[in-house]
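Remember, predicted model here, so these are calculated numbers, not experimental data.
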Amino acid sequence: ISKKILVCFFVSSLLFTQAKGALKVDGTSDGLPDVCESHEALETTPLGCIFGPLGKDLELPACSHEGTKLPLRPRLDDSISAVDEALNAIKSGLDMPADDVAGCVNNTMQSLHSGAMKSRLRRALLSAPDSDDRTLTVVMGGSSVTAGHDNLYAQAYPFAFERAASCAFKAAGINLKVRDAALGANQEYQYSLCNSAVFGSDVDLVMYEMNAMAHGENRAHEIAMRNFFNPDLFPRRPSFIYTGDGGVSDRGIWGDTTPECHSHSPECKSVASNMCSLKECKQKPCSTCLNNAKKFLTPPQHGVMEKLLDLYSEFGTGTFMPMRCIAAHADKWGFQGSYTLRAGKQMNQAKGWHYGPYGHQLYGRMLAFWYLSLFKEVLEELKAAIPEDVKGDSMHHWSRGFMAGSFRPPSTLPEPMFCKANTHECRPTPQCATTLEPHQPLAWPELPVSGGSKTAAGSGEEGVPVRAGSDDLLGWAALLDPSSAPLVDMRDYCTEFSKCPAPLEQRAKDMKFFTPNSDVQKLADSGHWVLSIVEGGESRGEVQLGWSNQWGWKDRKYVLMGNKKSGALKLRLPTKQKADGFLICGAPFCHNTDGVCKNNARRAPIHENGGLAVVVDGVDVSDKIKNVGGDNLCIWVEVEMNPGLRAVSLRGTKDDLLVNIGHLIWW
């Protein structure tokens, strides 16, 4: 059985990567490190270490049509041809009858309200060549799944989507831009409040993936949607596709078991992998194990999310559930649909629910097939709408008139379903300063960068790398008061083995939680705050082992660290609205119930029971703190915040405990 399925996997793998030589089995290619030598592959097969698409296969394809300056009619004709070409290319790689593809993929889009999306596509087609509307920006955000962990960054599904769709939009004279705004171990509560800082004000379409790791829940989903639909934050009025209900990134699909399960059943190792519980792998044959796992392949539709999407339907909403297509064709793709999504791991991390390069390719192509099909509808409707006698200059007049009558999202939001209007959660137009990356450049025009509050290179302890040119400090420099304790930029600390002290290097290899390293502690004890990567779990380990750099991941869990000896981090907050408080959020997993801070006696969570002293406009409000947000990683500081420049002072409460700050959110 194992041999037959491995053959099936090999055939399906070849189908998933069309370019010659894209499947690598030797662990090396195009100057990349020999991963199979340095890190045991998570999925072991006779094929060896499977990289998936590499090199030129990860570049944008050369396109035969470019319609930037073409008149509208020939541009529409070329675009329809290019869309058909792209759709056929996707069909050829899905190993199912071509006639079945459209129905299968369309079944993944649930509760779809596409009016605003189609209107935005029409505007891009009808606008002048030099107009900003000719650029269409798609931003995909979420957790480590979207960030591409366990894969090369360029293999992640946002870029698979871009490669599959780019030529069709180029033929239409539209500049398709795709960004990945995801963060590993993301926490949705603060992410939803800070989405303007992360996604960027130029976004036209949001793909929003949130899984169990992100503590996603309906309140946070709605906060995110209300902010995306707020024209003060996102003037281009983006539409919103929720991809977190699709099961692909839901632990419920795979179960919570780690690769230790493999050692108990070779058959489960070859076929079912993490889909089977440890108990089943020990006690049942592989066929039973796999059959029991099939019940997870088609998760029930999330009725509450449907209601949310319906409530905000006029802004353009929908949910992408790929397992509704994948499960129906699982046998054709080998190892069941879920295993195919995870096939081809490169690195030994116990995260069986991350899917591999072929899963990303499948996922991205399915998204592209849906969006290109929607685009084709718009192209054909527009072509049919142009009167026969409209030509030349009259076409411009007709286009402007047609655009003027196009559907536009409403200017006001409906009453919220899960949070109270004008409370801190649903209050419109939050401002956010975050140290976690990726985020867009942070700027407060009313605040010039102060002098004397930043620390230049070489001012730390001897031997501690301090980043030169730290004037910006991830955007926080403008918020610093001149009298603040200095903030040292240590983002470059120990990012390569050659720079790491030996004990840190060994702990990185062992993938264990880190105690605060002595260099950070020394700087904190000498009256400094430190900007550095959070020193716990994978975040530091991934950077030290070179995975983040060599595989190109863009997300970084940078935080502000300080203790009582660091002194007060003094900030100036340009407040625009009257509010009854503001939010401070800690680093991912730094709460008092489990994770980094529980396992590390020298780390202090931000918590209502202590860890951080807060002074606002000279008044100590440390007793006005309560925990909020998913996993209680944030505190709400209850204090009257009137419009103007508010003085906020933050200080650790213990000499030997470092507090970690990742977000500051106010109005």
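- A donor-acceptor pair under 3.5 Å is formed between the side chain of Q431 and the backbone N or O of P574.
- How far OG of S143 is from CE of M210: 7.0 Å, rounded to the nearest 0.5 Å.
- Evaluated for a side chain to side chain contact (heavy atoms under 4.5 Å, CB included) with I241, the options T317, V138, L205 yield exactly one hit, L205.
- Contact check for K578 versus R427: no side-chain heavy atoms found under the 4.5 Å cut-off.
- Between L183 and A147, the closest heavy-atom pair is N-CB, 4.5 Å.
- Here L473 contributes atom CG and Y558 contributes atom OH; the two are 12.5 Å apart, rounded to the nearest 0.5 Å.
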List the steps and the verdict of side chain to side chain contact (heavy atoms under 4.5 Å, CB included) for R73 and K391.
-> CA-CA 9 Å; R73 274 200 179 94; K391 299 177 182 179; 4.1 Å; yes

Verdict with reasoning, K91 to D99, per salt bridge (charged side-chain N to carboxylate O under 4.0 Å, His left out) = CA-CA 9 Å; K91 287 179 183 179; D99 293 341; 5.8 Å; no

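- Counting heavy atoms from C-beta outward, K383 and D77 have side chains that approach closer than 4.5 Å.
- Around NZ of K118, the count of heavy atoms belonging to other residues, nucleotides or ligands within 6.0 Å exceeds 12.
- You'll find the side chain of P71 stays beyond 4.5 Å of the side chain of M395, heavy atoms only.
- Of all heavy-atom pairs between P410 and E314, the closest is CD-CB, 3.7 Å.
- Using a cutoff of 4.0 Å between basic side-chain nitrogens and carboxylate oxygens, D204 and K177 are not scored as salt-bridged.
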Before giving the answer on side chain to side chain donor-acceptor pair (under 3.5 Å), spell out for N230 and T429 the whole-Å C-alpha distance, their side-chain angles and the decisive distance to 0.1 Å.
-> CA-CA 7 Å; N230 181 344; T429 322; 3.0 Å; yes

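- Taking the centre of each ring, F161 and Y363 stay at or above the 6.0 Å mark.
- D78 has its side chain out of reach of I80: every pair of non-hydrogen atoms, C-beta onward, lies at least 4.5 Å apart.
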Residues I174, L125; criterion side chain to side chain contact (heavy atoms under 4.5 Å, CB included); working and verdict | CA-CA 7 Å; I174 296 172; L125 286 164; 4.0 Å; yes

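- N175 places none of its side-chain heavy atoms less than 4.5 Å from the side chain of F169.
- Taking 4.0 Å as the cut-off between side-chain N and carboxylate O, E437 and K554 do not count as a salt-bridged pair.
- Judged purely by atom type and a 3.5 angstrom limit, E380 has no side-chain atom pairing as donor or acceptor with the backbone of E377.
- When all heavy atoms of P438 and D180 are compared, the pair lying nearest together is CG-O, 4.1 Å.
- Between M207 and L367, the closest side-chain pair of non-hydrogen atoms falls below 4.5 Å.
- A donor-acceptor pair under 3.5 Å is absent between the side-chain atoms of S119 and the main chain of G115, judged by distance alone.
- Remark: D132 does not engage R236 in a salt bridge, criterion side-chain N to carboxylate O under 4.0 Å.
- Remark: D393 CG is loosely packed, at most 12 non-hydrogen atoms of other residues, nucleotides or ligands lying under 6.0 Å away.
- Each of V206, L309, N195 was scored for a side chain to side chain contact (heavy atoms under 4.5 Å, CB included) with M225, with one residue passing: L309.
- A donor-acceptor pair shorter than 3.5 Å can be found between the side chains of Y312 and R226.
- Of the possible donor and acceptor atoms, none in the side chain of Q361 sits under 3.5 Å from a partner among the backbone N and O of A160.
- Side-chain contact, S144 with N186: no donor N or O sits under 3.5 Å from an acceptor N or O.
- Not a single donor-acceptor pair under 3.5 Å links the side chain of S394 to the backbone N or O of V390.
- Taking both residues in full, the closest heavy atoms of S127 and A124 are given as OG-O, 3.2 Å, listed atom of the first, atom of the second, then distance.
- The nearest pair of heavy atoms linking L474 to T435 is CD1-O, 3.4 Å.
- At a threshold of 4.0 Å, the pair K376-D84 counts as salt-bridged, since one of the basic side-chain nitrogens sits closer than that to a carboxylate oxygen.
- Panel note: side chain S239, backbone F315; a donor-acceptor pair is recorded below 3.5 Å.
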Assess whether side chain to side chain contact (heavy atoms under 4.5 Å, CB included) is satisfied between L664 and W476, documenting all intermediate values.
-> CA-CA 10 Å; L664 191 63; W476 286 67; 3.8 Å; yes

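- Taking OG1 of T575 as the reference point, atom CG of L573 lies at 5.5 Å (rounded to 0.5 Å).
- Panel note: side chain R237, backbone A116; no donor-acceptor pair is recorded below 3.5 Å.
- Proximity of L76 to I386: side-chain heavy atoms (C-beta onward) are separated by under 4.5 Å at one or more points.
- For the pair D489 (side chain) and R491 (backbone), a donor-acceptor distance under 3.5 Å is present.
- At a threshold of 4.5 Å between non-hydrogen side-chain atoms, the residues W667 and P643 do not count as touching.
- Once rounded to the nearest 0.5 Å, the distance linking CG of L112 with CG of N106 reads 9.0 Å.
- With rounding to the nearest 0.5 Å, the separation of CG in N218 from CZ in F418 is 4.0 Å.
- If you take CG on L447 and CG on L645, they are separated by 5.5 Å, rounding to the nearest 0.5 Å.
- Judged by distance alone, the side chain of H360 and the main-chain N or O of Y157 form a donor-acceptor pair under 3.5 Å.
- Residue E85 places its CD atom among 12 or fewer non-hydrogen atoms of other residues, nucleotides or ligands, all under 6.0 Å distant.
- Closest non-hydrogen pair, S111 versus E306, comes out as OG-CG, 3.0 Å.
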Could you give me the CA-CA distance, side-chain angles and deciding distance for R122 and M403, then say whether side chain to side chain contact (heavy atoms under 4.5 Å, CB included) is met?
-> CA-CA 7 Å; R122 280 192 293 269; M403 268 200 301; over 6 Å; no

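- Distance alone, capped at 3.5 Å, places no donor-acceptor pair between the R179 side chain and the P158 backbone.
- Looking at F234, Y208, F199, F320 one by one, the single match for ring-ring contact (aromatic ring centres under 6.0 Å, His included) with F240 turns out to be Y208.
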